[in-house]
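Some notes on the structure that comes next.
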Amino acid sequence: MENGESIEEDVDSATEVFDETVWKRFHRRQRYNDTVPLHFEIIHARILPAVASTELVADASGSGGNNAVKKYVVYVVNVREDGFPRDPCPTSIDRRYTHFLKLYEGLRKDHPTLVQGVAFPKKVLMGNFTPELIGERSGAFELFLDHIMSVPLLRESEHFLEFLQHDELTRACQLLDERRNEQAVPLLENSFRLLNKLFLDKSKAVLLLLCRLVVACTSSPIPHSAAEQWAELALRRFEHVCDTELLVLYIPLLQTCLHLWWQRGRDRTLLEERLNEMGKKGIKVKGGPTLGQAIHALDPRAETI
């Protein structure tokens with residue numbers, strides 16, 4: 001959210017303790033229904049400052065006042081697959097009221113009839129840090145996410161995808177731009193595991209994020225320790241991709257893996273044979289864009305190419 005936004009979650013107070021858990025779930029939430037395999041559960045909420053520095057707020061007499069810092073509530077949303085065996089990689093994302101509101105308003109604009117039955121929490125000006133209100137909102141947000149998952153048009157919307165990955169992906173791309181790959185990789189890994197639960201293995205969103213993860217792991221002079229793991233998974237996912245838009249990533253991916261295999265001292269025969277086969281079919285396999293450039297052409301973000 002932009003710093004200039006002014007909504008009920010960002011109110012001034014000098015008395016609240018920052019980074020304080022103000023609400024916590026003590027009992028596991030019941031599954032929404034048997035047709036929705038994913039389970040959304042807000043496990044706790046905490047208060048964080050909206051700005052790093054304090055601002056002096058003058059009192060009515062103009063003689064000065066208390067140091068007050070804007071703050072907001074963060075809801076920690078846990079996402080897991082129900083069933084047996086238990087989900088080995090449950091994921092969590094932090095979201096504010098503004099994230100849920102933006103998602104709701106976007107869906108209501110594009111699909112008004114599909115969200116008309118959703119009871120979305122209204123804005124309030126006072127008391128928005130009470131455990132009771134936060135607990136009520138958490139329940140409403142969970143039902144909202146369950147509803148989205150049960151309706152294909154909502155689940156596959158750009159609004160939902162943005163809600164799931166925008167903040168983490170934007171931050172990761174900024175870190176990559178600053179050559180802080182080690183910090184970007186965990187963000188991308190968490191986002192990939194989340195999207196991989198919700199969308200098909202070969203969907204555009206999943207493959208783009210997987211390729212971006214490969215770039216993050218391989219663009220430093222010394223590859224990340226998980227580089228081969230993610231590169232091998234990407235190669236497997238692209239074996240039977242038919243989407244021509246996504247196939248533009250395949251040659252750069254093969255070239256990236258070829259270099260990684262060389263760095264690791266691995267046998268490159270299969271990769272070289274695959275590139276040779278594609279070259280014989282008239283496909284340009286040399287002098288093309290890097291994997292990062294190919295990703296950026298499909299999904300421009302903050303990173304420098």
Side-chain angles (χ1 to χ4, degrees), residues 37-41 76-83 85-95 99 103 145 148-149 155-177 180-220 223-241 243 245-250 252-254 256-257 260 290-303 305:
L38 280 180
H39 194 79
F40 290 89
E41 185 174 69
V76 181
V77 185
N78 182 265
V79 187
R80 69 176 186 270
E81 294 175 293
D82 279 342
R86 296 183 65 179
D87 188 343
C89 299
T91 57
S92 295
I93 52 175
D94 292 353
R95 293 296 181 264
H99 292 105
L103 173 61
L145 295 174
I148 291 172
M149 284 299 301
R155 185 176 65 243
E156 297 165 8
S157 69
E158 286 297 319
H159 300 293
F160 190 42
L161 179 60
E162 180 179 9
F163 172 84
L164 294 170
Q165 71 167 4
H166 178 268
D167 283 23
E168 290 77 13
L169 187 51
T170 299
R171 178 57 180 155
C173 289
Q174 290 172 345
L175 291 169
L176 291 175
D177 199 31
R180 296 158 67 186
N181 295 38
E182 286 288 336
Q183 296 179 44
V185 168
L187 290 174
L188 293 171
E189 287 178 330
N190 188 71
S191 290
F192 171 77
R193 291 185 176 116
L194 174 59
L195 295 193
N196 202 47
K197 297 177 190 297
L198 275 73
F199 304 109
L200 296 175
D201 286 355
K202 296 178 176 60
S203 66
K204 179 180 177 180
V206 170
L207 290 180
L208 273 172
L209 194 48
L210 180 55
C211 285
R212 192 168 253 126
L213 184 50
V214 172
V215 171
C217 289
T218 59
S219 55
S220 296
H224 190 276
S225 59
E228 291 172 86
Q229 168 196 338
W230 295 116
E232 288 171 349
L233 178 59
L235 288 173
R236 291 196 298 272
R237 292 284 178 92
F238 270 89
E239 283 180 358
H240 303 292
V241 169
D243 188 332
E245 182 185 24
L246 293 173
L247 284 175
V248 299
L249 299 172
Y250 190 41
L253 174 63
L254 287 170
T256 299
C257 292
L260 177 61
T290 65
L291 183 56
Q293 291 169 339
I295 294 169
H296 191 76
L298 290 177
D299 183 37
R301 296 280 173 174
E303 70 268 49
I305 302 299

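Side chains included, hydrogens not; waters and symmetry mates left out as well; all remaining heavy atoms used.
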Stepwise side chain to side chain contact (heavy atoms under 4.5 Å, CB included) test for V79 and H39: CA-CA 6 Å; V79 187; H39 194 79; over 6 Å; no
Pairwise side-chain contact, L38 with E81, heavy-atom cut-off 4.5 Å (strictly under): yes
CG-CG distance between L145 and L103, expressed to the nearest 0.5 angstrom: 7.0 Å
Value rounded to 0.5 Å, distance of CD in Q165 from CG in L188: 9.5 Å
All side chain to side chain donor-acceptor pair (under 3.5 Å) counterparts of E162, not counting sequence neighbours: K102
Residues which pass side chain to side chain donor-acceptor pair (under 3.5 Å) with E245, listed by chain and number, not counting sequence neighbours: K204
Rounded distance [0.5 Å steps], CG in L235 versus CG in L210: 9.0 Å
Distance, nearest 0.5 Å, that separates NE2 of H296 from CZ of R212: 8.5 Å
Ignoring hydrogens and angles, write down the donor-acceptor pairs under 3.5 Å from the side chains of residues 193-201, residues two or more places apart or on other chains.
residue : atom : partner : partner atom : Å
N196    : OD1  : R237    : NH1          : 3.3
N196    : OD1  : R237    : NH2          : 3.2
K197    : NZ   : D87     : OD1          : 3.1
K197    : NZ   : D87     : OD2          : 2.7
K197    : NZ   : C89     : O            : 2.7

Residue list, salt bridge (Lys or Arg N to Asp or Glu O under 4.0 Å) with E182, at least two apart or on another chain: none
Heavy-atom check, side chain of N190 versus side chain of I93, under 4.5 Å: yes
Euclidean distance, E239 CD relative to Y250 OH, rounded to 0.5 Å: 6.5 Å
4.5 Å side-chain heavy-atom contact, I148 and F40: no
N78: side chain to side chain contact (heavy atoms under 4.5 Å, CB included) partners, not counting sequence neighbours: I43, R80, P90, S92
With R95 via salt bridge (Lys or Arg N to Asp or Glu O under 4.0 Å) - residues at least two apart: E168
Results of side chain to side chain contact (heavy atoms under 4.5 Å, CB included) for V241 - residues two or more places apart only: K202, L207, F238, D243, L246, L247
Partner set under side chain to side chain contact (heavy atoms under 4.5 Å, CB included) for V215, not counting sequence neighbours: S219, L291, I295
Contacts of R180 that satisfy salt bridge (Lys or Arg N to Asp or Glu O under 4.0 Å) - sequence neighbours left out: E178
Partner set under side chain to side chain contact (heavy atoms under 4.5 Å, CB included) for A226, not counting sequence neighbours: E189, H224, Q229, W230
Interatomic spacing from CG in L169 to CG in L209 - rounded to 0.5 Å: 6.5 Å
Closest non-hydrogen atom pair, L249 against C211: CD1-SG, 4.1 Å
E158: partners by salt bridge (Lys or Arg N to Asp or Glu O under 4.0 Å), with sequence neighbours left out: none
Distance-minimising heavy-atom pair for A216 and L176: CB-CD2, 3.6 Å
Taking every non-hydrogen atom, the tightest pair across L187 and A172: CD1-N, 4.0 Å
